[in-house]
Q: 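Sharing a structure here in structure tokens format.
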Amino acid sequence: MAIKFWPTYKRFKPHLLMVLVQIGYTFLYFITEASFNHGMNPHVHITYRHIVSGFAVLPFAYFLERKVRPKMTLTLFAEIFVLSLLGVSLTLNMYFASLKYTSPTFLASMVNTIASLTLIIAVILRLEVLDVRSPHGVAKVLGTVVSLSGVMTMTLYKGPQVRNLWGALIHIEGNTTVHENWLKGSILIVASCITWSIWYIMQAITLKKYPAQLSLTTWMSFVGGAQSAVFTAFVEHRPKAWAVGFNIDFWAIIYAGVVCSGLIVFIQLWCTEQKGPVFVTMFNPLSTLLVAVLAYFVLGERMYMGSIIGGVIVIVGLYLVLWGKEGDKEPQINTQALPNLSYEEQKEAKIQVNSSVQREEI
């Protein structure tokens, strides 16, 4: 029986892992919000969580990848430095700072734009083919425009508050704090999504030179943590801000460091190598739905019509983009053979098939 289902499991393993990733991110939203409302500085949190992540992953990276880890060079370290800046210190500092001014539901909705932004950047860098003469190419363009329209709706239109059907079933310390400066939070999260999209694409490029996901996760954690520490030292001058008690702040750092900055980043790197950066971003709407359900029905989080309308528009646009992207593969490659190929092998197969088609046309 196990042998019978093994091919199916192998085919959908990246899909299953990305579902688990989004579940992990869902809990992160509320744990960190409770910690920030408790008084934890977001920049200090980011610094600590990546230091914890680095030490948590280091033993596995050292022993499991000794034979496959490439030699570190100055050029490669510079690339990892930029990768850490984009994916850790710069992106996350803007991302969690925006949480202080908006809400977990709003942030989860905005993250859905990363897939469209990743596609745009990939097309500009010629890492993604866009044929506007085909229905699937039109779907990519239309989906991107629709998705970005949803972003503008969430950013510029807050709308009336949706009435809660009942009180919060679970109370998290500080979850009733009033969020202010919605526009400032919106600008921060939009900028974060842009740098996040660049980070996903750069991961795929770096993995070609450094195909050791655990080691790359460790490097990004330590380098990103050091970058964040320098930045935090400039913006936070209170020594007591660095003190962490045995409370929600401590557990938020442990969870974010071990699970999110450690395990989840490793899973994303593996899935990026297997399926490509756009595949990794296509699961973000799942986190949006989970966050919205927990925030509204369980925690009593306030919800606004602007976030609901914009979120729906973003998800519709996102899946138009994904339908267009998946459709590009259908006439080029045997889809039954795709699941057993890595992302790089799929691209090579596309090139070979396209070359043969061109020869036939000539």
Side-chain angles (χ1 to χ4, degrees), residues 9 12-36 40 42 45-46 48-58 60-61 87-88 91-93 95-96 98-99 103-115 118 170 172 175 189 192-193 196-197 199-200 203 213-214 216-218 220-221 224-225 248-275 277-299 301 315 318:
Y9 165 76
F12 292 104
K13 180 180 178 181
H15 303 74
L16 176 62
L17 289 175
M18 286 309 304
V19 169
L20 295 177
V21 162
Q22 296 307 316
I23 294 175
Y25 275 140
T26 299
F27 290 109
L28 176 68
Y29 285 114
F30 299 105
I31 294 174
T32 51
E33 186 192 29
S35 177
F36 296 162
M40 185 68 183
H45 167 85
I46 293 168
Y48 281 153
R49 69 178 272 186
H50 283 93
I51 293 174
V52 170
S53 170
F55 282 110
V57 182
L58 178 60
F60 299 96
V88 178
T91 297
L92 291 183
N93 274 289
Y95 179 81
F96 283 111
S98 67
L99 182 60
S103 71
T105 304
F106 180 78
L107 261 66
S109 299
M110 292 293 288
V111 167
N112 290 328
T113 63
I114 292 177
T118 302
I170 299 176
I172 295 181
N175 73 322
I189 187 59
S192 176
C193 288
W196 217 333
S197 301
W199 180 59
Y200 278 118
Q203 281 182 10
Q213 297 94 342
L214 286 170
L216 184 57
T217 302
T218 305
M220 285 194 297
S221 295
I248 184 62
D249 299 337
F250 173 81
W251 294 113
I253 291 172
I254 296 299
Y255 177 82
V258 176
V259 177
C260 298
S261 295
L263 180 61
I264 284 181
V265 170
F266 165 68
I267 293 174
Q268 287 180 327
L269 287 172
W270 184 85
C271 290
T272 298
E273 189 176 40
Q274 296 295 314
K275 295 291 186 179
V278 177
F279 172 86
V280 173
T281 61
M282 70 182 288
F283 290 86
N284 289 335
L286 175 60
S287 179
T288 302
L289 297 176
L290 293 175
V291 168
V293 170
L294 287 176
Y296 183 70
F297 290 103
V298 179
L299 302 179
E301 177 79 37
I315 292 175
L318 173 64

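Side chains included, hydrogens not; waters and symmetry mates left out as well; all remaining heavy atoms used. This one's a predicted model, so the numbers in the text were calculated from it and none came from an experiment.
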Q: Among residues at least two apart in sequence or on other chains, which ones pass ring-ring contact (aromatic ring centres under 6.0 Å, His included) with Y95?
A: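 In terms of ring-ring contact (aromatic ring centres under 6.0 Å, His included), with neighbours along the sequence ignored, Y95 is linked to W196.
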
Q: Please round to the nearest 0.5 Å and tell me the distance separating atom OH of Y25 and atom CD of Q268.
A: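 It comes to 4.0 Å.
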
Q: Is any side-chain heavy atom of I114 less than 4.5 Å from a side-chain heavy atom of Y200?
A: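 They are in side-chain contact.
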
Q: For V88 and G225, work out which heavy atoms get closest and say how close.
A: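 Reported closest heavy-atom pair: CG1-N, 4.3 Å.
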
Q: Measure across P14 and W270 and return the closest heavy-atom pair with its distance rounded to 0.1 Å.
A: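 In terms of heavy atoms, the two residues are closest at CG-CZ3, 3.8 Å.
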
Q: Let me confirm one number: the CD1-OG1 distance from I264 to T217, rounded to the nearest 0.5 Å.
A: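 Output value for this atom pair is 11.5 Å.
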
Q: Quick one: does I267's side chain get under 4.5 Å of L20's, heavy atoms only?
A: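 The answer is no, as the side chains (C-beta and beyond) never meet within the 4.5 Å cut-off.
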
Q: So, taking the atom named CD1 in I253 and the one named CD1 in I46, what distance separates them when rounded to the nearest 0.5 Å?
A: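 Going from the CD1 atom of I253 to the CD1 atom of I46 covers 11.0 Å.
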
Q: If I compare all heavy atoms of A252 with all of S35, which pair ends up nearest, and what's the gap?
A: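 That closest heavy-atom pairing would be CB-CB, 3.8 Å.
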
Q: Can you tell me how far the SG atom of C260 sits from the CZ atom of F27, to the nearest 0.5 Å?
A: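 Those atoms lie 11.0 Å apart.
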
Q: Heavy-atom distance under 4.5 Å between the side chains of M18 and V21, does that happen here?
A: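 Result yes, sub-4.5 Å side-chain heavy-atom pair found.
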
Q: Write down the atom of A256, the atom of L28, and the distance for their closest heavy-atom approach.
A: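 Closest approach of A256 to L28: CB-CD1, 3.7 Å.
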
Q: By the definition side chain to side chain contact (heavy atoms under 4.5 Å, CB included), identify the one residue from L269, T218, V265 that meets it with Q213.
A: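 Exactly one candidate clears the test, L269.
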
Q: With a 4.5 Å limit on heavy-atom distance, are the side chains of H50 and L92 in contact?
A: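 Side chain of H50 against side chain of L92, heavy atoms only: contact under 4.5 Å found.
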
Q: Are the side chains of L17 and C271 in contact, using a 4.5 Å heavy-atom criterion?
A: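 With C-beta onward as the side chain, the pair touches.
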
Q: Using only atom types and a distance under 3.5 Å, with no angle test, would you say the side chain of Y255 pairs donor to acceptor with the backbone of G24?
A: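 Flag set: sc Y255 to bb G24 pair under 3.5 Å.
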
Q: Please name the pair of heavy atoms, one in A56 and one in V258, separated by the smallest distance, quoted to 0.1 Å.
A: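 In terms of heavy atoms, the two residues are closest at CB-CG2, 4.3 Å.
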
Q: Taking atom types as modelled, find out whether S53 and S221 have a side-chain donor-acceptor pair closer than 3.5 angstrom.
A: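 Distance-only check passes for S53 and S221.
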
Q: Identify the two heavy atoms, one from T272 and one from P277, that lie closest to each other, and give their separation to 0.1 Å.
A: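 So the two residues come closest at CG2-N, 4.1 Å.
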
Q: In Å and rounded to the nearest 0.5 Å, what is the CD1 to OH distance from I254 to Y48?
A: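 Between I254 CD1 and Y48 OH, I get 12.0 Å after rounding to 0.5 Å.
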
Q: Do W251 and I31 make a side-chain contact, defined as non-hydrogen atoms from C-beta onward lying under 4.5 Å apart?
A: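 Sidechains of I31 and W251: no contact.
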
